[in-house]
Protein chains: 2
Amino acid sequence: MSDLLERLRERGWRLTAQRRVVAEVLDGEHVHLTADEVHARAIERLPEISRATVYNTLGEMVGIGEVIEVATDGRAKRYDPNAHRPHQHLVCSRCGTIRDVHPHGDPLASLPAEERFGFAVADVEVTYRGLCPDCARAAA
Amino acid sequence: MSDLLERLRERGWRLTAQRRVVAEVLDGEHVHLTADEVHARAIERLPEISRATVYNTLGEMVGIGEVIEVATDGRAKRYDPNAHRPHQHLVCSRCGTIRDVHPHGDPLASLPAEERFGFAVADVEVTYRGLCPDCARAAA
DNA sequence: TCTTGACTTGGACAAAGTCCATTGTAGGAT
DNA sequence: ATCCTACAATGGACTTTGTCCAAGTCAAGA
Ligand SMILES: [Mn+2]
Ligand SMILES: [Mn+2]
Ligand SMILES: [Zn+2]
Ligand SMILES: [Zn+2]
């Protein structure tokens with residue numbers, strides 16, 4: 001059983017076949033899938049699972065902090081099961097490939113107090129953009 | 001005439017009433033408007049302007065770098081006429097208010113070479129999230 | 001003033017996501 | 001082992017955000 005599923009059980013969630021499958025797809029080989037990509041993969045294991053359930057389940061997992069929502073473009077949100085180790089994202093501006101990256105230092109430290117305008121700043125998201133090696137080669 | 005409009009003319013754009021109004025709305029008091037918010041304000045000055053034209057014009061301005069597209073949530077993109085002075089954004093997690101902020105140092109420097117995976121990194125977007133003073137008070 | 005290619009329009013279409021009435025079931029109670 | 005029921009799943013309608021296109025309009029140069 002996946003770690004994610006185990007944590008859901010500990011939170012008292014009813015373990016339905018649907019939630020099991022969504023957790024397994026997320027914890028599987030792929031990362032940063034869209035909701036519809038999760039749905040497509042879930043259907044291979046549980047053909048009758050509905051789109052609404054996938055959206056519901058992903059939304060609940062995000063709500064309790066077990067999954068992170070990533071919106072690197074203006075398109076569909078992506079769902080990231082890597083919610084334990086803090087990280088940021090490196091995105092190819094051409095093909096959209098996403099990689100996890102671990103910048104040095106505390107990104108919060110870069111925002112001085114006088115630039116916080118009284119906000120209680122709790123989190124930072126950093127998106128690095130550029131061409132991946134494949135796309136750089138194609139553009140040359 | 002707005003600075004933005006002046007720059008568009010220098011680029012040889014045909015200055016239609018529609019483009020004039022979109023530029024004036026963007027350069028006006030509000031920042032970080034959505035396309036439909038721009039449309040609503042544009043209609044007050046030019047009632048027959050179409051949604052398609054607002055989308056077209058904003059897209060063109062983004063394409064030539066006179067306006068920046070900001071996607072801080074999974075909702076509608078926002079359009080930022082402040083494309084001259086590099087800056088980042090501070091967003092209230094509850095009400096969605098957006099403020100321009102100017103972090104210290106070069107945000108690109110935080111990503112070491114061994115974490116770039118061969119990408120030609122060209123740009124960084126940083127989004128700081130937290131509660132604004134009003135929302136912090138309401139939550140207390 | 002005339003011409004013309006660039007611009008605008010409205011409506012159809014598409015993608016991503018939400019909502020809800022109905023139906024099904026996980027898991028505790030008996 | 002069976003029953004109950006609150007919680008979860010379903011699917012289809014609906015909403016939001018954005019794109020596309022054929023037809024009509026017009027800014028600006030000749
Ligand atoms: Mn990630
Ligand atoms: Mn801004
Ligand atoms: Zn690429
Ligand atoms: Zn707020």
Side-chain angles (χ1 to χ4, degrees), chain A residues 1 4-6 8-25 32-43 45-64 66-80 96 98, chain B residues 1 5-6 8-25 32-43 45-64 66-80 96:
Chain A
M1 154 162 341
L4 177 50
L5 210 44
E6 183 56 35
L8 296 181
R9 182 202 296 286
E10 283 164 10
R11 287 175 182 272
W13 277 30
R14 268 170 56 171
L15 284 198
T16 66
Q18 291 84 352
R19 285 173 170 178
R20 215 180 296 272
V21 165
V22 169
E24 285 171 3
V25 166
H32 308 126
L33 297 174
T34 65
D36 277 338
E37 284 166 353
V38 172
H39 185 220
R41 284 167 173 71
I43 275 184
R45 296 161 175 248
L46 187 66
E48 68 277 19
I49 188 173
S50 75
R51 231 168 56 94
T53 293
V54 171
Y55 273 99
N56 286 342
T57 305
L58 289 174
E60 290 158 357
M61 289 173 176
V62 169
I64 63 177
E66 291 289 354
V67 167
I68 290 172
E69 233 171 35
V70 182
T72 52
D73 52 7
R75 312 290 307 279
K77 291 175 193 161
R78 295 180 171 275
Y79 292 88
D80 189 342
I98 303 179
Chain B
M1 154 161 341
L5 209 44
E6 184 55 35
L8 296 181
R9 181 202 297 283
E10 284 165 9
R11 288 173 182 273
W13 278 29
R14 265 172 60 173
L15 284 198
T16 65
Q18 291 84 350
R19 286 174 169 176
R20 215 180 298 272
V21 166
V22 169
E24 284 170 5
V25 165
H32 308 126
L33 298 175
T34 65
D36 276 338
E37 284 167 354
V38 171
H39 186 220
R41 285 168 172 72
I43 275 182
R45 296 161 175 248
L46 187 66
E48 68 276 20
I49 188 172
S50 75
R51 231 168 53 94
T53 293
V54 171
Y55 274 98
N56 287 343
T57 305
L58 290 173
E60 289 158 357
M61 289 173 175
V62 169
I64 62 176
E66 290 289 353
V67 166
I68 289 172
E69 234 172 34
V70 181
T72 53
D73 53 6
R75 310 291 307 278
K77 290 175 194 162
R78 296 180 169 276
Y79 292 88
D80 188 342

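Quick caveat: nothing in here was measured; it's all calculated off a predicted structure. In the text below, chain A, chain B and the rest are named by the order of the sequence lines, each starting its count at 1.
- Nearest-nucleotide assignment on DNA chain D puts the 5′-proximal partner with A:A17, out of A:A17 and B:A35.
- Listed for the B:H39 side chain is a donor-acceptor partner under 3.5 Å among the backbone atoms of B:I49.
- We find that CD1 of B:I49 is positioned 16 Å from P of C:dG11, with the value rounded to whole Å.
- The residue from A:V54, A:V21, A:D36, A:V25 that alone fulfils the side chain to side chain contact (heavy atoms under 4.5 Å, CB included) condition with A:R41 is A:V25.
- Between the CG atom of A:L58 and the P atom of C:dT18 there is a distance of 11 Å, given to the nearest Å.
- Between the side chain of A:R51 and the base of C:dG17, at least one donor-acceptor pair of N or O atoms lies under 3.5 Å.
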Please write out each protein N/O paired with an N/O of nucleotides 27-29 of chain C under 3.5 Å, distance rounded to 0.1 Å.
unit_1: C:dG27; atom_1: OP1; unit_2: A:L15; atom_2: N; d: 2.9

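- Contact detail for A:A23 and A:L5: the closest heavy-atom pair is CB-CD1, 3.8 Å.
- In this structure, the CZ atom of B:R75 is 11 Å from the C1' atom of C:dA16, given to the nearest Å.
- Taking OG1 of B:T16 as the reference point, atom CD of B:Q18 lies at 4.5 Å (rounded to 0.5 Å).
- Residue whose closest nucleotide on DNA chain C sits further toward the 5' end, between B:N56 and B:G74: B:N56.
- Nearest approach of B:A76 to B:T34, heavy atoms of both residues: CB-CG2, 3.9 Å.
- Taking side-chain N and O atoms only, A:Q18 has no distance below 4.0 Å to OP1 or OP2 of C:dT25.
- Atom pair B:L46:CG and C:dT8:P shows a separation of 10 Å (rounding to whole Å applied).
- From A:L58, atom CG reaches atom CG of A:L33 across 9.5 Å, with rounding to the nearest 0.5 Å.
- B:E48 places its CD atom 12 Å from the P atom of C:dT8, with the value rounded to the nearest Å.
- Rounded to an integer number of Å, the gap from A:E60 CD to C:dG17 C1' is 15 Å.
- The NZ atom of A:K77 sits 14.0 Å away from atom CD1 of A:I68, with the distance rounded to the nearest 0.5 Å.
- Rounded to whole Å, atom C1' of C:dC7 lies 18 Å from atom CZ of B:R11.
- The span of DNA chain D lying next to chain A, judged by atoms under 4.0 Å from heavy atoms, is bounded 5' to 3' by D:dA6 to D:dG11.
- In terms of heavy-atom proximity, B:H32 sits nearest to B:E37 at O-OE1, 4.3 Å.
- For B:R14 against B:R19, the heavy-atom pair with the smallest separation is O-NH1, 3.2 Å.
- Using a 4.5 Å cut-off on side-chain heavy atoms (C-beta onward), A:L8 and A:I64 make contact.
- Nucleic acid contact class of B:A76 (heavy atoms, under 4.0 Å, all strands): sugar-phosphate only.
- Atom-to-atom, CZ of B:R19 to C1' of C:dT8 comes out at 10 Å; the value is rounded to the nearest Å.
- Nearest heavy-atom pair across A:W13 and A:M61 is CH2-N, 4.0 Å.
- Rounded to 10°, the angle separating the first-five-pair axis and the last-five-pair axis of the helix from C:dT1-D:dA30 to C:dT30-D:dA1 equals 20°.
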